[in-house]
Colleague: 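Before anything else, here's the structure in question.
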Amino acid sequence: MPSRRQFMFVLGSAVVLGPVVAWLAGPSNSAAQTAGKTFPVQKTDEEWRRQLSGDQYNVLRRHATERPFSSPLDREKRRGTFICAGCGHALFSSTTKFDSGTGWPSFWQPLPNAIGTSIDRALFMMRTEVHCARCGGHLGHVFEDGPRPTGLRYCMNGVAMKFTPAA
Ligand SMILES: [Zn+2]
């Protein structure tokens with residue numbers, strides 16, 4: 001496919017080479033990235049479909065993105081822990097949550113061993129995808145425009161999480 005090669009060459013000249021090489025070598029969408037990995041919690045697609053709501057399934061297992069400002073967790077201000085809606089794994093503490101104004105629950109740091117990341121090449125963008133370290137469920141993306149102290153913004157789908165208030 002000459003047109004694709006040309007496209008890659010233009011990209012290679014315009015941006016750093018590393019990600020392009022990764023793009024050439026990798027699968028074409030982010031769902032395939034996590035699909036090939038194994039996680040402590042393994043379920044069939046059918047089992048996930050039965051367990052999750054339609055919206056939860058589309059985000060966690062199909063990498064969909066919820067409408068901004070649609071999740072009550074975006075406005076959650078109590079002390080507590082945000083856990084994976086797929087497997088209950090603890091993901092974020094309320095102490096690292098901040099209002100990014102994007103309409104998605106945002107954090108500047110995950111809990112230890114909470115998440116994994118992969119390169120997401122969907123929609124002709126290079127983004128860092130974030131998933132649950134225990135079940136591999138897609139949670140959102142992380143960007144480097146967050147507040148101190150990390151400078152990171154974990155932009156999460158509220159529907160992919162549940163909130164447990166502190167006792
Ligand atoms: Zn999980």
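When a ligand or atom number is given, it counts from 1 through the structure's own listing order. Nothing here was measured: the structure is a model prediction, and the numbers come from that model. Just so it is clear, the values below take in all heavy atoms, side chains as well, and ignore hydrogens, waters and symmetry mates.
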Colleague: Between Phe107 and Phe98, does the ring centroid distance fall short of 6.0 Å?
Modeller: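 No, the ring of Phe107 stays outside the 6.0 Å limit from the ring of Phe98, centre to centre.
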Colleague: Going by the rule side chain to side chain donor-acceptor pair (under 3.5 Å), which residues pair with Thr150 if we only count those two or more places apart in sequence or in a different chain?
Modeller: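 Testing Thr150 for side chain to side chain donor-acceptor pair (under 3.5 Å), a comparison that skips the adjacent residues, returns none.
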Colleague: Does Phe82 form a side-chain contact (heavy atoms from CB on, under 4.5 Å) with Leu73? I'd like the steps, not just the answer.
Modeller: CA-CA 9 Å; Phe82 294 81; Leu73 293 196; 4.0 Å; yes
Colleague: Sort by chain and number the protein N/O/S atoms found under 2.8 Å from the Zn ion (ligand 1).
Modeller: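 Under 2.8 Å from the Zn ion (ligand 1) - ignoring waters, which are not counted - the protein N, O or S atoms are Cys84 SG, Cys87 SG, Cys132 SG, Cys135 SG.
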Colleague: Run through Thr128, Asn157, Asp120 and flag the one making a side-chain hydrogen bond (donor to acceptor under 3.5 Å, both in side chains) with His141.
Modeller: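 Of all the options given, the one that passes is Asp120.
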Colleague: Within this structure, what is the SG-CD1 distance for the pair Cys132 and Ile115, rounded to the nearest 0.5 Å?
Modeller: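 CD1 of Ile115 is found 10.0 Å from SG of Cys132.
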Colleague: Group every Ile, Leu, Val, Met, Phe, Trp and Tyr by side-chain heavy-atom contacts under 4.5 Å, then state whether Phe92 and Leu152 land in the same group.
Modeller: yes
